[in-house]
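Every number for a ligand or one of its atoms is a count from 1 in the order of the listing.
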Amino acid sequence: MGEIADKIEELKLSALDCRGCGLCETRSNVVFGEGNPETPLVIIGEGPGQNEDATGRPFVGRAGALLDQALLENNLTRKHVYIANVIKCRACITENGRTRNRPPSTSEINLCLPWLEKQLAIIQPLVILCLGAPSAKSIIHKDFKMTQERGKFFESKYVRYAIAALHPAYILRQDGETYELTRRQLVEDIAAARQKVIEAKKEPIQTLF
Ligand code: URA
């Protein structure tokens with residue numbers, strides 16, 4: 001393994017023991033992130049759902065299948081990118097014997113963010129693609145508005161080029177033409193992120209600092 005992969009593996013091992021917030025009480029697995037740690041393109045979702053919690057892997061449910069398909073339409077696979085989430089453990093609520101996902105609280109996000117920050121410091125991507133508003137609010141700016149700002153590039157403290165796309169789970173909740181439109185937007189935003197990587201690689205190194 002290379003040095004970057006070793007560092008990511010070491011960080012993962014400590015994340016797997018994290019007891020930094022109450023989500024550790026209900027999780028089955030920490031979903032640290034996976035993919036190519038030497039990639040210039042990191043994709044960041046909100047947090048694990050039921051399937052991810054059960055397997056310890058990001059985006060393995062229906063939303064993950066849509067993401068994989070949208071990547072493939074850009075000639076990309078999980079081997080080309082690194083996929084992580086803002087929070088590493090499933091945020092859920094159990095009512096009447098049924099467990100469902102819930103949005104993570106601000107304190108859960110803030111307590112978990114250092115793991116993502118450390119991941120990004122090791123990987124040092126050229127481009128980050130945020131999936132969904134919670135991810136964009138953490139990475140791009142706290143008042144991010146998906147309807148107005150998706151598909152545009154922003155500079156953030158984590159990366160020179162950050163862009164946000166609709167979350168695949170949101171797209172799956174749309175019907176008919178809206179489904180087709182939002183799905184196309186996801187494919188286009190991945191294409192924009194991919195193209196930005198190509199352009200950023202050509203930039204003289206000093207302009208990257
Ligand atoms: N949704 C996310 O934001 N992340 C996952 O890993 C799965 C679903």
Side-chain angles (χ1 to χ4, degrees), residues 8 11-12 15-16 18 21 23-24 26-37 39 41-72 76-93 99-106 108-120 123 125 127-140 142 144-146 149-150 156 158-159 162-174 179 182-183 185-187 189-190 193:
I8 279 287
L11 183 66
K12 178 176 177 176
L16 296 185
C18 181
C21 79
L23 298 182
C24 69
T26 49
R27 75 176 177 226
S28 303
N29 284 293
V30 174
V31 182
F32 178 72
E34 67 177 32
N36 177 358
T39 183
L41 177 57
V42 169
I43 298 176
I44 302 176
E46 177 178 346
Q50 184 179 12
N51 296 303
E52 292 76 22
D53 177 63
T55 58
R57 298 185 52 214
F59 282 98
V60 289
R62 284 179 68 226
L66 176 53
L67 175 61
D68 286 340
Q69 190 56 40
L71 286 169
L72 211 54
L76 295 172
T77 70
R78 288 186 186 225
K79 292 202 178 113
H80 296 106
V81 299
Y82 190 89
I83 303 181
N85 282 303
V86 173
I87 61 161
K88 310 297 187 208
C89 299
R90 184 186 184 198
C92 58
I93 180 163
T99 302
R100 59 176 170 80
N101 297 339
R102 62 163 173 81
S105 67
T106 307
E108 287 160 349
I109 291 176
N110 290 340
L111 287 164
C112 202
L113 210 51
W115 290 116
L116 180 61
E117 289 175 338
K118 287 184 188 129
Q119 281 173 300
L120 294 174
I123 299 172
V127 177
I128 292 178
L129 173 68
C130 299
L131 296 178
S135 167
K137 284 177 200 276
S138 295
I139 299 294
I140 299 179
K142 66 178 182 14
F144 192 89
K145 297 263 180 315
M146 191 54 79
E149 297 180 304
R150 67 145 271 277
S156 97
Y158 300 111
V159 73
I163 182 173
L166 294 171
H167 196 291
Y170 169 83
I171 297 172
L172 288 170
R173 291 194 295 272
Q174 311 307 307
Y179 171 79
T182 52
R183 186 189 190 287
Q185 287 175 336
L186 174 63
V187 175
D189 292 342
I190 293 173

Could you list the donor-acceptor pairs under 3.5 angstrom formed by side chains in residues 56-71, with sequence neighbours left out?
residue : atom : partner : partner atom : Å
Arg57   : NE   : Glu34   : OE1          : 2.9
Arg57   : NE   : Glu34   : OE2          : 3.3
Arg57   : NH2  : Glu34   : OE2          : 2.8
Asp68   : OD1  : Arg78   : NE           : 2.8
Asp68   : OD1  : Arg78   : NH2          : 3.3

Would you call Ile128 and Leu120 a side-chain contact if the rule is heavy atoms closer than 4.5 Å?
yes
Determine whether Ile8 and Phe32 make a side-chain contact, defined as any pair of heavy atoms from C-beta on separated by less than 4.5 Å.
yes
Residue pair Ile123 / Pro37: nearest heavy atoms and the distance that separates them
CG2-O, 3.4 Å
Looking at every non-hydrogen atom in both residues, tell me the closest pair between Ser138 and Tyr158 and how far apart they are.
O-CE1, 3.7 Å
Near ligand 1, which residues have a heavy atom under 4.0 Å away from one of its atoms?
Gly45, Glu46, Gly47, Glu52, Pro58, Phe59, Asn85, His167
More than 12 foreign heavy atoms under 6.0 Å from CD of Gln50: is that the case here?
no
